[in-house]
Amino acid sequence: MNYSIALVPGDGIGPDVVAQATEVLDIVGDKFGHVFNYVELEAGGCAIDHTGTPLPPETLEAAKQCDALLLGAVGGPQWETLPGNLRPERALLDLRAGLGVYANLRPAMLLPQLRFACPLKDDVLAMGDYRGSPSDNSQVTGGFDLLIVRELTGGIYFGKRGRSDGGNSAFDTESYSQEEIERVLRIAYAAAEVRRKKLCMVDKANILESSRLWRELTEALSREYPHIETSFMYVDNCAMQLVRSPGRFDVIVTSNLFGDILSDEAAALTGSIGMLASASLGVPASKGFSSSAQKGGRGIYEPIHGSAPDIAGRDIANPLATILSAALMLRYSFGLEKEALAVEAAVNAALDRGLRTADIADRRGNAGTEKIVGTREMGKAVVSALLSEE
Ligand code: IPM
Ligand code: MG
């Protein structure tokens, strides 16, 4: 099959990591008989410099013509003083809204190879009901493997905002419609179906009216999914439970702002924000989630880390989050499950070989068999692992 992929490398380390992901995709194409055609597009700070706007209309139009988008990162200190609607981050919001990708999936799991990098103690990791995957032959007991499903095109990110009182007062608005809430809940339920069948809806229903609507709709929808255990948690408590017993969570579904915050916290638990992939989807949730049932949905795939301008172009950024995002693209937008698993296994194999970028290196001084590598060498290691897979 032929697939067209819009590449939006963006700023900072974005181009470094996207380049490695396309190397990996090319090998997947050769190995499994697919052709990936790339269209490179500008968004973020680089687009501001060249065109004066963070998301040129041509970029959005071209992106809409592609089967999926692979994004690096946007932003940098030189654009920080621009007004809000002209900042590089605006490109992300407009791409998300423009492509209608309302559900953002952010998986976070503890990899046994990176146990040392997780700031939690053994007894904390042993809490909860997560007991490691069957293929995990490490010494880690417990751990966590959770998925944050964040609403992505609504809420306070897109609500009415402004200044009043001559600029001395400011407001932002959290507003959600029934439709916006239900469609993301359905994606979260579909994800829970193919996972450990637990869904926790996170809100602030003790205070916020919008949260009370989320809760009512979740309660109603939960009756359609009797085999999924539905629970509710306030966001402040969730922030605490993530560091007290992350193993208790399977799928967390929540609003745009809460999901933004909780997903950085979850990322830190995995050891490095350089490891976390994400998928943003807009297709209606259908039955099987991790399978070809989702094929055809145009999604945005991106690492959850930022543009890290201080290390841009220096061949030290961790490309794994972007490579793993490309794996999610294969799975969710193209329905290529076998290929996605092959990429994930290759990343695992590179880590098993002891290869580490600086952010995931063992800083305790007992690195043993670890080898610190740069962005390109890590990408190459994934490619060679892919080539040597059966
Ligand atoms: C993220 C980022 C973005 C967000 C920023 C860069 C606009 O933090 O994807 O989590 O807040 O959504
Ligand atoms: Mg964020």
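Note that ligands are numbered from 1 as they come in the structure, with each ligand's atoms numbered from 1 the same way. For reference, positions follow the sequence shown, starting with 1.
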- Query: Hey, does the side chain of Ser263 reach the backbone of Gly259 with a donor-acceptor pair shorter than 3.5 angstrom?
  - Reply: yes
Quiz item: Judged by non-hydrogen atoms, does His305 sit under 4.0 Å from ligand 1?
Solution: no
* Under the 3.5 angstrom rule, does the side chain of Glu151 hit a backbone N or O of Thr153 as a donor-acceptor pair? -> yes
Arg183 to Tyr102, cation-pi by 6.0 Å centre distance and 45° axis angle
yes
Per-atom filter on ligand 1: closer than 4.0 angstrom to a heavy atom of Glu89 are 6 (C), 7 (C)
The protein heavy atom nearest to atom 3 (C) of ligand 1 is Arg96 NH2, 4.1 Å
**Report entry** Exam field: side chain Ser175 to backbone Gly155, donor-acceptor pair closer than 3.5 Å
**Finding:** no
Are side-chain heavy atoms of Tyr38 and Asp26 found at a separation under 4.5 Å?
-> yes
Apart from Leu257 itself, its cluster of hydrophobic side chains linked below 4.5 Å comprises Leu93, Ile156, Tyr157, Phe158, Ile261
So the protein N/O/S atoms within less than 2.8 Å of the Mg ion (ligand 2) come down to Asp260 OD1
Among non-hydrogen protein atoms, atom 4 (C) of ligand 1 lies closest to Tyr157 OH, 3.5 Å
If you compare Leu257, Leu92, Leu93, Asp260 by their heavy atoms, the one closest to atom 8 (O) of ligand 1 turns out to be Asp260
Any heavy atom of Arg90 under 4.0 Å from ligand 1? The part involved is neither
Rounding to 0.5 Å, atoms OH (Tyr301) and CG (Leu69) come to a distance of 10.0 Å
Within the 4.0 Å heavy-atom cut-off, what Arg87 brings close to ligand 1 is neither
| query | Distance-only, no hydrogens or angles: does the Lys198 side chain make a donor-acceptor pair with backbone N or O of Ser231 under 3.5 Å? | reply | no
If you scan protein heavy atoms around atom 1 (C) of ligand 1, the nearest is Arg106 NH2, 3.3 Å
### Query
Taking C-beta and beyond as the side chain, do Lys338 and Leu341 meet within less than 4.5 Å on heavy atoms?
no
Inset, instruction - Quick one: sort the His34 and Phe32 rings into parallel, tilted or perpendicular, breaks at 30° and 60°. - result: parallel
